[in-house]
Peer 1: 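Here it is: the structure, laid out below.
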Amino acid sequence: MREAYHEELATISAGLVEMARLVGSAIGRATTALLDADLPLAESVISADTKVDDLQRELEDRAIALLARQQPVATDLRTIVTSLRMSADLERSGDLAAHVAKLARLRFPEPAVPVDLHRTILEMGQLAQRLMAQAAEVLITQDVEAALQLEQDDDRMDELHRTIFQHLMDDRWKHGVETAVDVTLVGRYYERFADHAVAVAQRVVYLVTGEHADELAPDTPLTP
């Protein structure tokens, strides 16, 4: 009975890793669709989001069943509850990738992003994908130091987000209000996607240490 219980926990963990990899791929493909005005690619990102939603529902069902059957305490309870929260972060990340793809679809056949912002948006997309890949790795390794590093790596996303607003506020902006709204939205999508990747990593910190990432003192031992 206990062996089956731990197999279920392992299945939930593997599902979280799969979700992270799926949404990481989705944000990368959505970025390409956005910048290249690639409608088929955008459609594929949008339709693939249902797989992420299905995975979340499956993980929730498994977790709730474990809570009901096993009535776990201490570390096991923390694992299940934290997994539920991580699955919600990852599902929302998938939605954000789909939002980027939907913007590409909305403005097709024109690109939604002006050429002078392509480099910034490309970097945001690449960084979002990389942060989620790091989050997936942290889920596998349970490496607290690597998890804490994600928040520092996210600082670059915040810088890029500010760069977008600098462009929008520049007197030389010539792309109109509609494009300004599009760019504002897409910048927010990437910024929130990165926040969810960081949140997943922070939840791993809590899972391993029992403490929230922002509560850890610099000299706190990074062990359960």
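Model, not experiment: these values are computed from the prediction.
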Peer 1: Let's go through Arg69 and Leu66 carefully: what are the C-alpha distance in whole Å and the side-chain angles of both, what is the deciding distance for side chain to side chain contact (heavy atoms under 4.5 Å, CB included) to 0.1 Å, and is it a yes or a no?
Peer 2: CA-CA 5 Å; Arg69 291 199 310 266; Leu66 281 179; 3.8 Å; yes

Peer 1: If every non-hydrogen atom of Gly28 is compared with every non-hydrogen atom of Gln129, which pair is closest and at what distance?
Peer 2: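 Distance-wise, the nearest heavy atoms are CA-OE1, 3.4 Å.
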
Peer 1: List the residues meeting ring-ring contact (aromatic ring centres under 6.0 Å, His included) with His118, not counting sequence neighbours, and say none if there are none.
Peer 2: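 With neighbours one apart ignored, the set is empty.
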
Peer 1: Using the rule that two of Ile, Leu, Val, Met, Phe, Trp, Tyr join whenever any of their side-chain heavy atoms come within less than 4.5 Å, decide whether Val177 and Leu106 are in one cluster.
Peer 2: yes

Peer 1: Taking the side chain as every heavy atom from C-beta outward, state whether Val204 and Met86 have any pair of such atoms under 4.5 Å apart.
Peer 2: yes

Peer 1: Please determine whether residues Leu139 and Leu22 belong to a single hydrophobic cluster, defined as Ile, Leu, Val, Met, Phe, Trp and Tyr linked transitively by side-chain heavy-atom distances below 4.5 Å.
Peer 2: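 Both belong to a single hydrophobic cluster.
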
Peer 1: Please walk me through it: do Arg130 and Asp153 pass side chain to side chain contact (heavy atoms under 4.5 Å, CB included)?
Peer 2: CA-CA 10 Å; Arg130 186 164 68 250; Asp153 294 342; over 6 Å; no

Peer 1: Locate the shortest heavy-atom distance separating Trp173 from Pro114; write the atom from each residue and the value.
Peer 2: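 Nearest pair, atom of Trp173 first, then Pro114: CH2-CG, 4.0 Å.
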
Peer 1: Are Arg192 and Asp195 ion-paired here, with the side-chain N under 4.0 Å from a carboxylate O?
Peer 2: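 Looking at Arg192 and Asp195, the cut-off is met.
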
Peer 1: Restricting to non-hydrogen atoms, name the atom on Met157 and the atom on Glu191 that form the minimum distance, rounded to 0.1 Å.
Peer 2: CG-CA, 4.0 Å

Peer 1: Check whether any side-chain heavy atom of Ile27 lies under 4.5 Å from a side-chain heavy atom of Met132, and answer yes or no.
Peer 2: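 Of all side-chain heavy-atom pairs linking Met132 with Ile27, none is under 4.5 Å.
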
Peer 1: Using a side-chain heavy atom cutoff under 4.5 Å and only I, L, V, M, F, W and Y, what cluster partners does Phe108 have?
Peer 2: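 Besides Phe108, the cluster holds Leu39.
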
Peer 1: Are the side chains of Thr31 and Leu35 in contact, using a 4.5 Å heavy-atom criterion?
Peer 2: yes

Peer 1: Which atom names give the shortest non-hydrogen contact between Ser87 and Leu59, and what distance separates them?
Peer 2: CB-CD1, 4.4 Å

Peer 1: Going by the rule side-chain contact (heavy atoms from CB on, under 4.5 Å), which residues pair with Asp49 if we only count those two or more places apart in sequence or in a different chain?
Peer 2: Val52, Asp53, Asp95, Ala98

Peer 1: Please round to the nearest 0.5 Å and tell me the distance separating atom NZ of Lys102 and atom OH of Tyr189.
Peer 2: 9.0 Å

Peer 1: Could you state the interatomic distance from CD (Glu137) to CD (Gln142), rounded to the nearest 0.5 Å?
Peer 2: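 Result: 11.0 Å between the selected atoms.
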
Peer 1: Please check if atom CD in Glu91 has more than 12 non-hydrogen atoms from other residues, nucleotides or ligands closer than 6.0 Å.
Peer 2: yes

Peer 1: Any side-chain donor-acceptor pair under 3.5 Å between Gln166 and Asp170?
Peer 2: no

Peer 1: Does Leu16 share a hydrophobic cluster with Ile64, counting links as ILVMFWY side-chain heavy atoms below 4.5 Å and allowing steps through other members?
Peer 2: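 Not linked; separate clusters.
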
Peer 1: Establish, from distance only, whether the side-chain atoms of Asp76 and His6 form a donor-acceptor pair under 3.5 Å.
Peer 2: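 No - no donor-acceptor pair under 3.5 Å links their side chains.
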
Peer 1: Using side chain to side chain contact (heavy atoms under 4.5 Å, CB included), reason through Asp116 and His175 one step at a time and then give a plain yes or no.
Peer 2: CA-CA 10 Å; Asp116 49 334; His175 306 292; 3.2 Å; yes

Peer 1: List in chain and number order the residues that pass side chain to side chain donor-acceptor pair (under 3.5 Å) with Arg156, two or more places apart in sequence or in another chain; answer none if no residue qualifies.
Peer 2: Glu123, Glu159

Peer 1: Taking Thr79's backbone N and O only, do any of them form a donor-acceptor pair with Thr82's side chain (distance below 3.5 Å, no angle check)?
Peer 2: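 The answer is no, because no donor-acceptor pair under 3.5 Å joins these two groups.
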
Peer 1: Could you give the distance from CG (Asp38) to CZ (Arg105), rounded to the nearest 0.5 Å?
Peer 2: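 So the CG of Asp38 and the CZ of Arg105 are separated by 13.5 Å.
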
Peer 1: Is Asp54 salt-bridged to Lys51, going by a charged N under 4.0 Å from an acidic O?
Peer 2: no

Peer 1: Do His196 and Val200 come close enough that some side-chain heavy atom pair is under 4.5 Å?
Peer 2: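 Side-chain contact under 4.5 Å: no.
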
Peer 1: Testing the basics here: between Ala194 and Leu131, what is the closest heavy-atom pair and its distance to 0.1 Å?
Peer 2: CB-CD1, 3.6 Å

Peer 1: Could you tell me whether the side chain of Gln56 reaches within less than 4.5 Å of the side chain of Leu90, counting heavy atoms only?
Peer 2: no

Peer 1: Between Leu41 and Ile46, is there shared hydrophobic-cluster membership here, with clusters defined by ILVMFWY side-chain heavy atoms closer than 4.5 Å?
Peer 2: no

Peer 1: Give the cluster check for Ile140 versus Val138: same hydrophobic cluster or not, with ILVMFWY residues linked at side-chain heavy-atom distances below 4.5 Å.
Peer 2: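 Per the 4.5 Å side-chain linkage, Ile140 and Val138 are co-clustered.
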
Peer 1: Take the angle between the ring planes of His212 and Tyr206 and call it parallel below 30°, perpendicular above 60°, tilted in between.
Peer 2: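 Because their plane-to-plane angle is under 30°, the rings of His212 and Tyr206 count as parallel.
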
Peer 1: Is there a side-chain contact between Val208 and Asp143, using heavy atoms and a 4.5 Å cut-off?
Peer 2: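 When only atoms from C-beta onward are counted, Asp143 and Val208 do not touch, as no gap falls below 4.5 Å.
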
Peer 1: Judged by atom type as modelled, is there a donor-acceptor pair below 3.5 Å linking the side chain of Arg78 to the main-chain atoms of Leu207?
Peer 2: yes

Peer 1: Can you tell me how far apart CD (Glu18) and CD (Glu58) are? Round to the nearest 0.5 Å.
Peer 2: 8.5 Å

Peer 1: Kindly indicate whether the side chain of Val100, heavy atoms from C-beta on, has any atom under 4.5 Å from the side chain of Tyr190.
Peer 2: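 Result yes, sub-4.5 Å side-chain heavy-atom pair found.
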
Peer 1: Atom CG of Leu55 and atom CD of Glu60: how far apart are they, to the nearest 0.5 Å?
Peer 2: 11.5 Å

Peer 1: Identify, with sequence neighbours excluded, every residue that meets side chain to side chain donor-acceptor pair (under 3.5 Å) alongside Asp182.
Peer 2: Arg107

Peer 1: Taking all heavy atoms of Val45 and all of Ala97, pick out the closest pair and write down the distance.
Peer 2: CG1-O, 4.0 Å

Peer 1: Just verifying a value: how many Å separate Leu67 CG and Leu77 CG, rounded to the nearest 0.5 Å?
Peer 2: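 Nearest 0.5 Å value for the CG-CG distance: 6.5 Å.
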
Peer 1: Excluding sequence neighbours, so at least two apart, what forms side chain to side chain donor-acceptor pair (under 3.5 Å) with Arg29?
Peer 2: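 If we apply the side chain to side chain donor-acceptor pair (under 3.5 Å) test to Arg29, skipping adjacent residues, the hits are Ser25, Ser44.
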
